[in-house]
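Note sheet for the following structure.
Please read all numbers here as calculations on a predicted model, not as lab measurements. For this chain, numbers begin at 1 and follow the sequence in order.
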Amino acid sequence: MTLAPSRWLHRIKPGSVNNSIRLYAFPFAGGGASAFHPWAAAMDPRIELWAVRFPGRETRLREKPIADFAEALARLRDELVPHLIPPYALLGHSLGAVFAYALTRELQAAGLPGPLALIVAGARPPLHPAPSPPLAALADAEFVTALRDRYNGIPPAVLANAELLALVLPTLRADIAVYESYQHRAGPAIHCPVAAFGGDRDPLVSAADLAGWRDLVASPLTTRMFPSDHFFLQANPSAAARAAQEFLLSVA
């Protein structure tokens, strides 16, 4: 079956064997599909790598970013479900991990074919929200300062360029609003195998936080720490890609 192209999906690397596992990767707040481009060189041919691209960035820069989690999840679900043909897996980084987890729950609740595995990276379990105060309503200057201090996620080149910062600020603010509007609701545990990845120098997500994902999954939880900060997936993309595919191939 041939599916119509989707603005929400970008194929980074095709699989080269029959019945390849499609891995759909969800980026961090403010990030786009390009965050996973460096993974292509290390990706096993048995895995086809796709990345999710939300409105307001990259090829969708002219589109208005979504600022509410429920709205973003509903649009994401409607767009992705036709493409989620088994075998497939979901991976999310930070905000992307919350989307990947929430989408898995919705698929499971609807009785639709779920992922063979879920990988959450750099994320606290949603039932244990971060204690930090919200940022989305801050004025621009305070928002940028707080975002830099909390996540260290704005590149220095962007901070130094007022025009570039003004260009990306609406998407960053919308993504933070999305994260802060998420409300966890009790429900059945995730049935598929789950791995939780983290950075050993991440000030936001500790090894204990990763272990907390056990409260949300029915199967044994796999955890792995990388020698880096919150953006460990980008610091060493080859190691991150290999770890992801090793886990996927071990449960396939």
Side-chain angles (χ1 to χ4, degrees), residues 6 8-54 57-59 80 83-101 103-104 114-123 151-153 155 190 192-202 204-205 207 209-210 213 217 219-252:
S6 171
W8 289 75
L9 289 171
H10 171 64
R11 187 169 70 171
I12 295 174
K13 184 175 182 179
S16 59
V17 299
N18 291 333
N19 211 32
S20 295
I21 299 167
R22 284 189 171 193
L23 173 60
Y24 294 95
F26 297 70
F28 50 86
S34 60
F36 296 99
H37 282 175
W39 285 38
M43 193 56 62
D44 189 285
R46 290 170 288 178
I47 297 174
E48 181 168 296
L49 179 61
W50 291 73
V52 176
R53 180 175 283 147
F54 287 86
R57 67 215 74 203
E58 299 174 341
T59 59
L80 262 62
H83 296 265
L84 300 180
I85 302 169
Y88 73 92
L90 304 180
L91 176 150
H93 183 191
S94 197
L95 172 61
V98 184
F99 273 116
Y101 164 74
L103 181 60
T104 301
L116 68 87
L118 169 67
I119 301 175
V120 291
Y151 296 101
N152 192 30
I190 295 294
C192 68
V194 177
F197 293 170
D200 62 6
R201 299 194 302 276
D202 187 345
L204 302 170
V205 183
D209 290 328
L210 295 185
W213 282 93
V217 303
S219 57
L221 176 73
T222 298
T223 61
R224 179 161 178 171
M225 299 297 287
F226 294 78
S228 188
D229 59 14
H230 189 64
F231 293 95
F232 59 94
L233 295 188
Q234 287 72 48
N236 191 337
S238 295
R242 286 194 298 269
Q245 65 193 21
E246 286 170 8
F247 172 68
L248 295 179
L249 295 173
S250 73
V251 300

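Between Phe54 and Phe26, the ring planes lie tilted relative to each other; the angle falls in the 30° to 60° range. In this pair, Phe232 and Phe226 present their aromatic rings parallel. The plane angle is below 30°, not in the 30 to 60° band. Between His93 and Phe28, the ring planes are perpendicular. Angles over 60° get that label, and only those under 30° would be called parallel.
Under the 4.5 Å side-chain criterion, counting only non-hydrogen atoms from C-beta, Arg242 is in contact with Ser238.
When all heavy atoms of Ala40 and Ile12 are compared, the closest pair comes out as CB-CG2, 3.9 Å. When all heavy atoms of Arg224 and Leu210 are compared, the pair lying nearest together is O-CD1, 4.2 Å. For the pair His230 and Gly122, the tightest heavy-atom approach, listed with the atom from each and the gap, is CE1-O, 3.1 Å. Across every non-hydrogen atom of Phe247 and Ala117, the tightest pair is CE2-CB, 3.8 Å. Pairing each heavy atom of Leu116 with each of Cys192, the nearest pair is O-CB, 3.8 Å. In plain terms, the two heavy atoms of Ala240 and Leu233 that are nearest each other are CB-CD2, 3.6 Å.
Of the inter-residue distances, the one linking Asp202 atom CG with Asp209 atom CG reads 8.5 Å to the nearest 0.5 angstrom. Atom OH of residue Tyr24 and atom CG of residue Leu91 lie 13.5 Å apart, to the nearest 0.5 angstrom. The distance from atom CZ of Phe99 to atom CG of Leu80, rounded to the nearest 0.5 Å, is 11.0 Å. We find the CG-CG distance between Leu248 and Asp44 to be 10.0 Å, quoted to the nearest 0.5 Å. Taking CZ of Arg53 as the start and OG of Ser34 as the end, the distance is 7.0 Å to the nearest 0.5 Å. Rounding to the nearest 0.5 Å gives a distance of 10.5 Å between CE of Met43 and CD1 of Ile21.
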Audit row: Thr222, Val194, side-chain contact (heavy atoms from CB on, under 4.5 Å) steps and yes/no | CA-CA 6 Å; Thr222 298; Val194 177; over 6 Å; no

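With hydrogens and angles disregarded, a donor-acceptor distance shorter than 3.5 Å links the side chain of Glu58 to the backbone of Ala33. The closest donor-acceptor contact from the side chain of Arg57 to the backbone of Gly31 lies under 3.5 Å. Formation of a donor-acceptor pair under 3.5 Å by the Gln245 side chain with backbone atoms of Ile47 is not found in this model. Counting only distance, with no hydrogens or angles, the side chain of Asp200 and the backbone of Asp229 share no donor-acceptor pair below 3.5 Å.
Aromatic ring centres of Trp213 and Tyr101: separated by under 6.0 Å.
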